[in-house]
Amino acid sequence: MNLAEFGPVCDEGWRRVSGTPGFLSEREARFLMLAAAAAPADGAIVEIGSFKGRSTVGLAYVAQRYGLGRVVAIDPHTSPSTTDPDLGSRRSSYEEFQESLRRAGVADAVEIRRAFSQEVARDWSRPIRLLWIDGDHVYEAVKQDLALFRPYLAPGAILAMHDVLGTWPGPLRVFVEDVLGSDAFGPAGCFKSIGWAQYRPADGSARRFRWRRRRLAVVARQLIPVALAGWKTTGLGRWRHRFWWRLLPHGTVDPARWAARVAIK
Ligand SMILES: C[S@@+](CC[C@H](N)C(=O)[O-])C[C@H]1O[C@@H](n2cnc3c(N)ncnc32)[C@H](O)[C@@H]1O
């Protein structure tokens, strides 16, 4: 990927994402597009949880521009979900999802898998360059999504998980325990509510990676009880929450520096 060209591609990608309903901020969308474009690995871009297509559109636009194959978008689009209480009794998102892809001009760049992630995992066999987990946010479900698809991450692939620093304790716990705590991952960090890590089975145990992951884990772990309490804290709890929150780097990502960080030499 030519990073000099990425700026305008990302701007155009965001223009299309911004016209799509769903749950993803501008900075998160830009990060996700960067991860899809710059992941130094071959394989599929896999999205678990598409809803009305907001993140799908960004991923698919980048895939189209850089010839990265079709984005595999997994979502049963059935409501209510058995384990995601947020979905309530709303009707299916499937028609709006399809309409979003058409409107953004990326319908041809998406392989739609209208199924639960665990169903798709049963016959999955392809390597993955970017795994975007944004499906069922309950702890057991996030843990399962990672466990089912992790074996297919190509070395150098990027794992990105939504709402790690959001209103759900499940993704945060899985990120701390199963990602930051694992030597199979190398560089890692948070950006807005996204937790990300690079799959580096060969050298993830190197000191430079392990130390940074551990430092992040020490801080992020302190936020699990806060997330479990719905991020509502008072008195001393609020002070502790703010203290740890400020210590957790989750701000600006410079595309060139980030790409250099995950480049495999
Ligand atoms: C938070 S929304 C996804 C938001 C979307 N990525 C966006 O950018 O707006 C979560 C979605 O996950 C889907 N979902 C829930 N459980 C799932 C599972 N086991 N496998 C795949 N998708 C699932 C729901 O149907 C819902 O559409």
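In this text, all values refer to a predicted model and were calculated from it rather than measured experimentally.
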Problem set entry | salt bridge (Lys or Arg N to Asp or Glu O under 4.0 Å) contacts in which one or both residues fall within residues 250-265, not counting sequence neighbours | none
Exercise. Applying salt bridge (Lys or Arg N to Asp or Glu O under 4.0 Å), which residue pairs with at least one partner in residues 178-198 are found, sequence neighbours left out?
Worked result: Lys143-Asp178, Asp183-Arg210, Asp183-Arg213
For this session: Kindly assign one of parallel, tilted or perpendicular to the pair Trp239 and Phe243, based on the angle between their ring planes and the thresholds 30° and 60°.
Result: parallel
Problem set entry | Aromatic plane relationship, Phe185 with Tyr199 - under 30° parallel, 30 to 60° tilted, over 60° perpendicular | perpendicular
For this session: Return yes when atom CD of Glu12 has more than 12 non-hydrogen atoms of other residues, nucleotides or ligands closer than 6.0 Å, and no otherwise.
Result: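 Counting other residues, nucleotides and ligands, CD of Glu12 exceeds 12 neighbours.
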For this session: Please indicate whether Arg114 has more than 12 foreign heavy atoms, meaning atoms of other residues, nucleotides or ligands, lying under 6.0 Å from its CZ.
Result: yes
Determine whether [X] and [Y] make a side-chain contact, defined as any pair of heavy atoms from C-beta on separated by less than 4.5 Å.
| X | Y | answer |
| --- | --- | --- |
| Trp196 | Val253 | no |
| Phe116 | Thr78 | yes |
| Ser100 | Thr56 | no |
| Trp14 | Met33 | yes |
| Ile194 | Trp132 | yes |

Problem set entry | Counterpart residues, salt bridge (Lys or Arg N to Asp or Glu O under 4.0 Å), relative to Arg103 (two or more places apart) | Glu99
For this session: Only counting residues at least two apart or in another chain, list the ones meeting salt bridge (Lys or Arg N to Asp or Glu O under 4.0 Å) with Arg30.
Result: Asp11, Glu26
For this session: Looking only at non-hydrogen atoms, find the nearest pair between Gly189 and Phe175 and report the distance.
Result: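 Minimum heavy-atom contact is O-CZ, 3.5 Å.
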Problem set entry | Distance, nearest 0.5 Å, that separates CG of Asp145 from CD1 of Ile48 |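 Nearest 0.5 Å value for the CG-CD1 distance: 4.0 Å.
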In residues 149-164, what donor-acceptor pairs under 3.5 Å come from side-chain atoms, sequence neighbours left out?
unit_1	atom_1	unit_2	atom_2	d
Arg150	NH1	Ser182	OG	3.4
Tyr152	OH	Trp124	O	3.2
His162	ND1	Asp134	OD1	3.2
His162	ND1	Asp134	OD2	3.2
His162	NE2	Glu28	OE1	3.1
His162	NE2	Ser193	OG	3.4
Asp163	OD2	His137	NE2	2.7

Enumerate donor-acceptor pairs with a distance under 3.5 Å from any side-chain N or O in residues 215-226 to protein atoms, sequence neighbours excluded.
none

